[in-house]
There are 2 protein chains.
Amino acid sequence: MSDKTTRDLIVEAADRLFYRQGYEHTSFADIADAVRISRGNFYHHFKTKDEILDAVIGARLDGTRSMLERWTIEGKGPADRIRSFIHILVANQTEIMRHGCPVGTLCSELAKLGHASQAEATKLFTLLRTWLRRQFALLGREADADTLAMHLLARSQGIATLANAFHDEKFIKQEVKLMGDWLRSCADGSVSQPKRTNRRRASG
Amino acid sequence: MSDKTTRDLIVEAADRLFYRQGYEHTSFADIADAVRISRGNFYHHFKTKDEILDAVIGARLDGTRSMLERWTIEGKGPADRIRSFIHILVANQTEIMRHGCPVGTLCSELAKLGHASQAEATKLFTLLRTWLRRQFALLGREADADTLAMHLLARSQGIATLANAFHDEKFIKQEVKLMGDWLRSCADGSVSQPKRTNRRRASG
DNA sequence: GACGAATTAGGACAGTTGTCCTAATCTTGC
DNA sequence: GCAAGATTAGGACAACTGTCCTAATTCGTC
């Protein structure tokens with residue numbers, strides 16, 4: 001606790017502020033005030049605002065990686081692990097209603113700013129995408145694992161965006177339940193490909 | 001064409017710039033340059049930046065209203081009208097990949113800024129929500145029309161966010177097809193409530 | 001206890017922002 | 001062709017931005 005370096009404190013505060021206020025709308029002064037540090041001191045730890053952003057993205061990547069690792073170990077099966085992912089929406093619903101999804105809103109903002117770290121932020125999505133893909137593959141859906149992963153990611157994003165816009169808590173619960181149903185139908189292999197094409201079972 | 005007032009030109013340019021660069025990241029100078037007008041002249045038409053934002057949101061509301069009206073008249077049935085909505089993602093896929101959804105990204109940004117016009121921007125969503133709700137009701141889904149409308153809205157938002165982050169064109173097509181399948185199953189009344197509860201047919 | 005390095009504080013700096021003023025120009029009705 | 005209003009141009013203004021410098025302080029090591 002007390003062994004956190006000033007640098008860590010800065011990254012933490014910046015992370016929180018970037019999420020709540022957005023990257024551009026957060027100034028050096030805002031972060032300095034939050035950490036209770038002089039503005040000048042700042043320069044010693046980070047030369048530019050972009051450097052802080054990169055550090056924040058890096059910290060989020062680390063955090064996401066260890067979260068996924070935890071779920072991979074804890075979870076009994078792939079379906080339960082995917083449920084852990086879906087559960088983020090419920091666990092963080094208050095913050096999501098207030099500020100949206102930390103990943104989605106950051107990527108959107110950086111895209112608008114034409115910021116160089118846009119690709120780095122997208123890695124946050126890629127991390128989740130890759131992990132989800134693996135879980136769906138383990139669920140016996142190797143053939144369309146990536147499609148399913150992206151589908152789930154997209155639905156989560158949409159839920160966060162609308163929950164934020166409407167400040168609607170019940171909506172999150174509603175949609176989370178639908179995603180649970182959908183996930184169950186994925187494991188069955190029942191729905192999700194409703195068109196009657198000549199279906200080809202995955203060989204493995 | 002030539003009868004557009006300077007005010008209209010400003011709103012148009014601001015609309016485009018707010019979409020591409022974000023509201024905060026767009027300065028008076030940016031808009032003035034785009035309209036080829038002196039910065040001072042600006043003040044005569046809009047006292048503050050917030051006023052421009054309100055005018056832009058108003059213009060978008062008008063545009064959305066007339067678009068929905070057109071669809072309501074044109075469309076053969078409610079299903080086709082909903083398909084018109086889904087088709088926006090395909091028609092605007094290039095812009096969406098570049099800048100996301102104009103509505104979703106604006107609402108997200110204003111939420112972060114804590115901007116007073118946040119509620120006004122959300123009306124853009126409400127417009128679509130209400131219209132979609134009516135179409136689903138006409139489709140025989142009065143009971144859960146609003147849930148279905150929000151669901152479709154959320155999925156569109158998610159698609160836009162991820163398409164923007166990954167710059168993935170195929171993903172949009174993929175998800176649009178899935179939404180088409182889903183819509184068909186809505187009209188059937190077949191899926192969408194996969195849980196085997198004691199199902200109760202809507203009386204109407 | 002002293003020395004060198006790491007850390008901190010305070011402020012300077014030029015550039016940009018939104019806002020606002022004033023004077024010139026154009027348009028319109030008579 | 002002229003007066004009155006609308007529109008435009010150009011720039012002033014204070015506040016804030018990210019960046020950077022220098023001097024003071026703290027810290028670990030001998």
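Labels below follow one simple rule: chain letters A, B, ... track the order of the sequence lines, proteins then strands, and each chain is numbered from 1.
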- Enumerate the residue pairs fulfilling salt bridge (Lys or Arg N to Asp or Glu O under 4.0 Å) with a member in residues 159-169 of chain B, sequence neighbours excluded, ordered by first and then second residue. B:Glu169-B:Lys173

- Item | Nucleic acid contacts of residues 35-55 of chain A, taken as heavy-atom distances under 4.0 Å to DNA chain C | A:Ile37, A:Ser38, A:Gly40, A:Asn41, A:His44, A:His45

- Sequence neighbours left out, what passes side-chain hydrogen bond (donor to acceptor under 3.5 Å, both in side chains) with A:Glu175? Give chain and number order. B:His151

- Item | Qualifying residues under salt bridge (Lys or Arg N to Asp or Glu O under 4.0 Å), relative to B:Lys123, sequence neighbours excluded | B:Glu120

- Which two nucleotides bound the region of DNA chain C that has atoms under 4.0 Å from heavy atoms of chain A, read 5' to 3'? C:dT7 to C:dG11

- Measure the shortest side-chain to side-chain distance between A:Ile172 and A:Ile159 over non-hydrogen atoms and say whether it is less than 4.5 angstrom. yes

- Does a side-chain heavy-atom distance below 4.5 Å link A:Asp146 with B:Phe171? no

- Task: List for me each residue that meets side-chain hydrogen bond (donor to acceptor under 3.5 Å, both in side chains) alongside A:Gln174, sequence neighbours excluded, and say none if there are none.
- Result: none

- Message: I want to check something: taking the side chain as every heavy atom from C-beta on, are B:Phe136 and B:Thr147 in contact at a cut-off of under 4.5 Å?
- Response: no

Which pairs would a plain distance check flag for residues 96-107 of chain B, meaning a side-chain donor or acceptor within less than 3.5 Å of a matching protein atom at least two apart in sequence or in another chain?
unit_1: B:Thr105; atom_1: OG1; unit_2: A:Lys112; atom_2: NZ; d: 3.1
unit_1: B:Thr105; atom_1: OG1; unit_2: B:Cys101; atom_2: O; d: 2.6

What donor-acceptor contacts under 3.5 angstrom involve side-chain atoms of residues 50-57 of chain A, with partners at least two apart or in another chain?
unit_1: A:Asp50; atom_1: OD1; unit_2: A:Tyr23; atom_2: OH; d: 2.9
unit_1: A:Asp50; atom_1: OD1; unit_2: A:His115; atom_2: NE2; d: 3.0
unit_1: A:Glu51; atom_1: OE1; unit_2: A:Lys47; atom_2: N; d: 3.3
unit_1: A:Asp54; atom_1: OD1; unit_2: A:Ser117; atom_2: OG; d: 2.6

- Pull out every residue in residues 11-21 of chain A that has a heavy atom closer than 4.0 Å to any atom of DNA chain D, ordered by number, or say none. none

- Message: By the salt bridge (Lys or Arg N to Asp or Glu O under 4.0 Å) test, which pairs, at least two apart or in different chains, include something from residues 153-166 of chain B?
- Response: none

- Task: State the CZ-CG distance between B:Arg65 and B:Leu124, to the nearest 0.5 angstrom.
- Result: 9.0 Å

- Message: Is any side-chain heavy atom of B:Leu68 closer than 4.5 Å to one of B:Phe85?
- Response: no

- Looking at A:Phe166, does the NZ or CZ of B:Arg129 lie under 6.0 angstrom from its six-membered ring centre and within 45 degrees of the ring axis? yes

- Message: Could you check whether any side-chain heavy atom of A:Thr26 comes within less than 4.5 Å of a side-chain heavy atom of A:Tyr19, counting everything from C-beta outward?
- Response: no

- Task: Please list, by residue number, the residues of residues 22-33 of chain A whose heavy atoms come closer than 4.0 Å to an atom of DNA chain D; answer none if no residue qualifies.
- Result: A:Thr26, A:Ser27, A:Phe28

- Members of residues 112-120 of chain B that approach DNA chain D, where some heavy atom sits under 4.0 Å away: none

- Message: Give me the atom names and distance for the closest heavy-atom approach of B:Leu113 to A:Gln21.
- Response: CD2-O, 4.3 Å

